[in-house]
Amino acid sequence: MKKNLLVLGFAAIMAISCVKEKGLASLANQYLPLRLNDAMTEYMGTVSEPVVDRLKVIYNCDSLCFIQGHAVARDAEGEKQEETIRYYLVKDPLMSAMTGKPCYYDGVVGAELLRTKKEIKNFRKKIHDGGSKTFNFFLASAEPVLQLE
């Protein structure tokens, strides 16, 4: 009987761990609209909320995530402002350890849309090969995440 309970318990734990998503992609998708709206308002003078399409996660791990897409918003004159964007979310391990809760920073930049699997693979390799130097660069260039309302 104890053996059956242990087997069932182990199976339940394995099932739960397989369902749990790894990486920051789902959190990044939540924060992206807030940072993008802020950035397009500040740098492009848009007054409408950006509409984003062609979203694609191009890099995702437990401390760094990149999402690319195409954003469109209108400025005060009603003109359409378009930009291909690359959003990144970074988890700060030092501040997370100090505060006892996850601390995230993010940013958005205009960037060329990576269209092919080869381009995305090369981007991932560049990020991975850069290691902590690349991580520190994006952490330093990011701002604290805007809180979800």
Nearest 0.5 Å, what's the OH-CG distance between Tyr105 and Asp92?
5.0 Å
Decide yes or no for Leu114 and Arg86: does some side-chain heavy atom of the first lie under 4.5 Å from some side-chain heavy atom of the second?
yes
Drop me the distance from Ile127's CD1 to Ile58's CD1, to the nearest 0.5 angstrom.
8.0 Å
Parallel, tilted or perpendicular: rings of Tyr104 and Tyr31 (30°, 60°)
tilted
Hey, what's the ring geometry for Phe66 with Tyr88, parallel, tilted or perpendicular (30° and 60° as the breaks)?
tilted
Hydrophobic clusters here meaning ILVMFWY residues chained together by side-chain heavy-atom distances under 4.5 Å, can you tell me if Leu89 and Ile85 are in one?
yes
Is the backbone of Lys91 close enough, under 3.5 Å, to the side chain of Ser63 for a donor and an acceptor to pair up by distance?
no
Would you say Glu119 and Asn122 make side-chain contact, with heavy atoms under 4.5 Å?
no
Could you tell me whether Glu82 atom CD has more than 12 heavy atoms of other residues or ligands within 6.0 Å of it?
yes
Hydrophobic cluster membership, with links at side-chain heavy-atom distances under 4.5 Å among I/L/V/M/F/W/Y: are Phe135 and Phe123 in one?
yes
Ile120 with Phe138, same ILVMFWY side-chain cluster at under 4.5 Å
yes
Backbone N/O of Met40 and side chain of Thr46: donor-acceptor pair under 3.5 Å:
yes
Is Asn37 reaching over with its side chain to a backbone N or O of Pro33, donor-acceptor style, under 3.5 angstrom?
no
Is any side-chain heavy atom of Glu79 closer than 4.5 Å to a side-chain heavy atom of Arg74?
no
Atom CE of Met95 and atom CG of Leu139: how far apart are they, to the nearest 0.5 Å?
10.5 Å
Any donor-acceptor pair under 3.5 Å linking the side chain of Ser48 with the backbone of Ala73?
no
Shortest non-hydrogen separation from His70 to Val72 and the atoms involved
CE1-CG2, 3.4 Å
Could you report the tightest heavy-atom contact between Ala25 and Cys65, atom names first, then the distance?
CA-SG, 3.7 Å
Give a yes or no on whether the backbone of Leu24 and the side-chain of Asn60 come within a donor-acceptor separation of less than 3.5 Å.
yes
Using the rule that two of Ile, Leu, Val, Met, Phe, Trp, Tyr join whenever any of their side-chain heavy atoms come within less than 4.5 Å, decide whether Leu94 and Val145 are in one cluster.
no
Heavy-atom closest pair, residues Gly107 and Ala142
N-CB, 4.5 Å
Kindly work out whether a path of hydrophobic side-chain contacts (I/L/V/M/F/W/Y, heavy atoms less than 4.5 Å apart) joins Leu55 to Leu64.
no
Only residue of Arg124, Gln68, Lys126 satisfying side chain to side chain contact (heavy atoms under 4.5 Å, CB included) with Tyr59 is Arg124
Between atom CG of Leu36 and atom CD1 of Ile67, what is the distance when rounded to the nearest 0.5 Å?
11.0 Å
